[in-house]
Number of protein chains: 2
Amino acid sequence: MTIKQIAQQAGVSVASVSNVINGNYHKVSAETRKKIEKIISETGYTPNAVARSLATQESKIISMVIPYIGEYFSFNANPYYSELIAEVEKYVRAQDYCLMIRCVDRCSDIVHMLSSWNVDGAIFAGASASEIGDLRNSLKCPSVFIDSYCEKEGVVCVGIDDYRGGYLSARHLLNNGHRKIAFAAPSFGSEGVIYERFRGFTDACREYGVEIGEKDIFEVDAVESNSIVAGNDIALSAEKFTAVGVTSDLTACGIMRGISQCGLSVPKDISVIGFDDLSLCTISSPRLTTISQDIQMKARRAGDLLFTMIREKCELTSNEKIAVKLVERDSVARAEQ
Amino acid sequence: MTIKQIAQQAGVSVASVSNVINGNYHKVSAETRKKIEKIISETGYTPNAVARSLATQESKIISMVIPYIGEYFSFNANPYYSELIAEVEKYVRAQDYCLMIRCVDRCSDIVHMLSSWNVDGAIFAGASASEIGDLRNSLKCPSVFIDSYCEKEGVVCVGIDDYRGGYLSARHLLNNGHRKIAFAAPSFGSEGVIYERFRGFTDACREYGVEIGEKDIFEVDAVESNSIVAGNDIALSAEKFTAVGVTSDLTACGIMRGISQCGLSVPKDISVIGFDDLSLCTISSPRLTTISQDIQMKARRAGDLLFTMIREKCELTSNEKIAVKLVERDSVARAEQ
DNA sequence: TGTGGTTAGTTAAACGATTTACCAATCTTG
DNA sequence: CAAGATTGGTAAATCGTTTAACTAACCACA
């Protein structure tokens, strides 16, 4: 079923049909409009999106680009990503756009696909500042970067207040009397989400006269077995930690398990605080105390900014940081004197 | 950058450029082929997918259609879906196709979008037999249905051996001496994944002379608070259950929490067995004994069948059931005498 | 030498929409 | 009533590809 056939059946030109489809009602009389609409609804005709896209150079497609590392898909390894994708999908669908999803090694892998499909906008998760720099030259469509730190003119980032999150996390442990504190995170450089959480964490510690040194930092990625090993290490460390701050809930759960394996109890012997507030926090045992981030808000702000750029055809520069908060559950206890 | 410009620069016709792009090398001499390829790589030209799709009536797009109920996205509420999506994305990308994702109320919501984008194939998750029936008339592209039970000619289903899973689940409890057994599942009719698991479960019980009656069945959806309530109900029931079989790991975790809340211990007082074998099984406490399904295999088989239909331009009828197996962890113990 | 078969290439018609430019009829208005 | 504006509509170009049909040159062979 094509627009041509509709036009034929209605005895009008394709231009008229196109006009009623696109709501250019001032160009067509009420009478012919009725006639055309009748036939459209009778036949169940829908305009072909591909042809439309070719003609308009737009597509009503938004692409979401997710990093993955080695074997592990971020959104498989870490439920944070699936919650994020779910929220983005919801937003995009509400705008009557389609969502294309793609995992990539390097963000630049995607630029051809984006222009090739006339993609109207892209949302990148977890791109580094340098990747964004490379992207800026090649990328044609409006984009927003979730969980990135980048101050460049013309780039839109949406994230959370990671520094504050790290700070609140440590302060909660300190307020509970802990002084022997470990920090567990994936490897990080001197920028980005994890680095900011680390800065906040150490700054809070310093305020209480506690220094986080190299021996207090445990490097651990999202792979579950690795986080269990980290839990073992923390439990058995000569440092006799009474608490550990972790940069993701998933890892925190693994660490709790690793600690239990060594015969110590959470939170009685060692307190654990996570980050993200995923739904698994209430499933774990003990339920995980954590820093809560509002994933839905993140997706919504990213969507708002993206669609502003698309609709107003403008460039924006933004670095939104959404507030975080402490959610107390059962994995942090007062340190024994 | 268009094919026209490439042709101009190379001093040949667009047809020749098109032929080298598409590997119709017999139609172009080695010499001009070199010339064209040189210019293509110099300019970094990529053919426009939209125009190509319009011309070929294909798109290299696969669509994945996910059900959601009310507020809850399946793949948000249940990590099973995100693992499935991750595997499908991987498969589709390996074939050099794009993946469009869409959550729907009713499967029929998607047919317009599929034809409008010339989508080459679709993967539906969790569609009911009647929905598939409706779809068959309107659907233009090859499709495979994951987790559906449908015997109709020309429909391709890929699932797991749910009956066997239910059977193994109950048998494991029975072999551990349990006789007061509860069954927790979302509401189900007389067909589909949950019903099959139920059949297997009750059949095994019957072999041991145990009847699962209405008072032994607890209806519970994926919402976490509901599963905790179910856990409470099971713990406090006058039936004095010593074990419960659950049709999803996520719900099983909530039920374990609900049981603990009532002061009972898993598995000491009540054993719990899940279904799916998601990664969260190893972070729950106790680690969840469950029926393991191979999600990667499921995605791969679905992909294989789908791409066979796409490439061979043929219709298939299939009802593959992938084997499941019991994975013993710590949430099932022997019943006390 | 005429016929037929390759080979290498071009031209132009699709694909299914949008949109600009144009036209004819009718209405306003001084 | 003539000029101009408005209304309702059409024809045709365009978007960037693929591909069928065609051509011209060359070669082989009876």
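Below, all heavy atoms of this structure are taken into account, side chains as well, without hydrogens, waters or symmetry copies. Labels below follow one simple rule: chain letters A, B, ... track the order of the sequence lines, proteins then strands, and each chain is numbered from 1.
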For this session: Would you kindly give the CD1-to-P distance between A/I36 and D/dG8, to the nearest whole Å?
Result: 13 Å

For this session: Indicate whether OP1 or OP2 belonging to C/dC15 is found under 4.0 Å from a side-chain N or O atom of B/T56.
Result: no

Problem set entry | Whether over 12 other heavy atoms sit under 6.0 Å from A/E153 CD | no

Seminar exercise, completed: Considering only heavy side-chain atoms of A/V28, the closest of D/dG9, C/dT10, C/dT19 is D/dG9

Exercise. Touch check for B/S29, heavy atoms < 4.0 angstrom, all strands: base, sugar-phosphate only, or nothing?
Worked result: sugar-phosphate

Problem set entry | Rounded interatomic separation in angstrom, taking CG from B/N118 and P from C/dA14 | 19 Å

Exercise. When all nucleic acid strands are considered with a 4.0 Å heavy-atom cut-off, which category describes B/S13: base, sugar-phosphate, or nothing?
Worked result: base

Exercise. What is the distance from CE of B/M1 to C1' of D/dT17, rounded to the nearest Å?
Worked result: 16 Å

Problem set entry | Note, A/C157 side chain near A/F124 side chain (heavy atom, < 4.5 Å) | no

For this session: Scan B/S16 against the nucleic acid and name what it touches under 4.0 Å (heavy atoms): base, sugar-phosphate only, or nothing.
Result: base

Exercise. Base, sugar-phosphate alone, or nothing: which one does B/V50 contact when heavy atoms must sit under 4.0 Å apart?
Worked result: nothing

Problem set entry | 5'-most by nearest nucleotide on DNA chain C - A/V17 or B/H26 | B/H26

Exercise. Is the distance between the ring centroids of B/Y91 and B/Y97 less than 6.0 Å?
Worked result: no

Exercise. To the side chain of B/T32, which of C/dG9, C/dT18, D/dG8 is closest?
Worked result: C/dG9

For this session: Let me see the working for B/Y149 and B/K321 under side-chain contact (heavy atoms from CB on, under 4.5 Å), right down to the final yes or no.
Result: CA-CA 10 Å; B/Y149 280 81; B/K321 296 291 167 232; 3.5 Å; yes

For this session: Could you check whether B/Y45 gets within reach of a base, just the sugar-phosphate, or nothing at all, counting any heavy atom under 4.0 Å?
Result: sugar-phosphate

For this session: Using a 4.0 Å heavy-atom cut-off across all strands, classify B/S53 as base, sugar-phosphate, or nothing.
Result: nothing

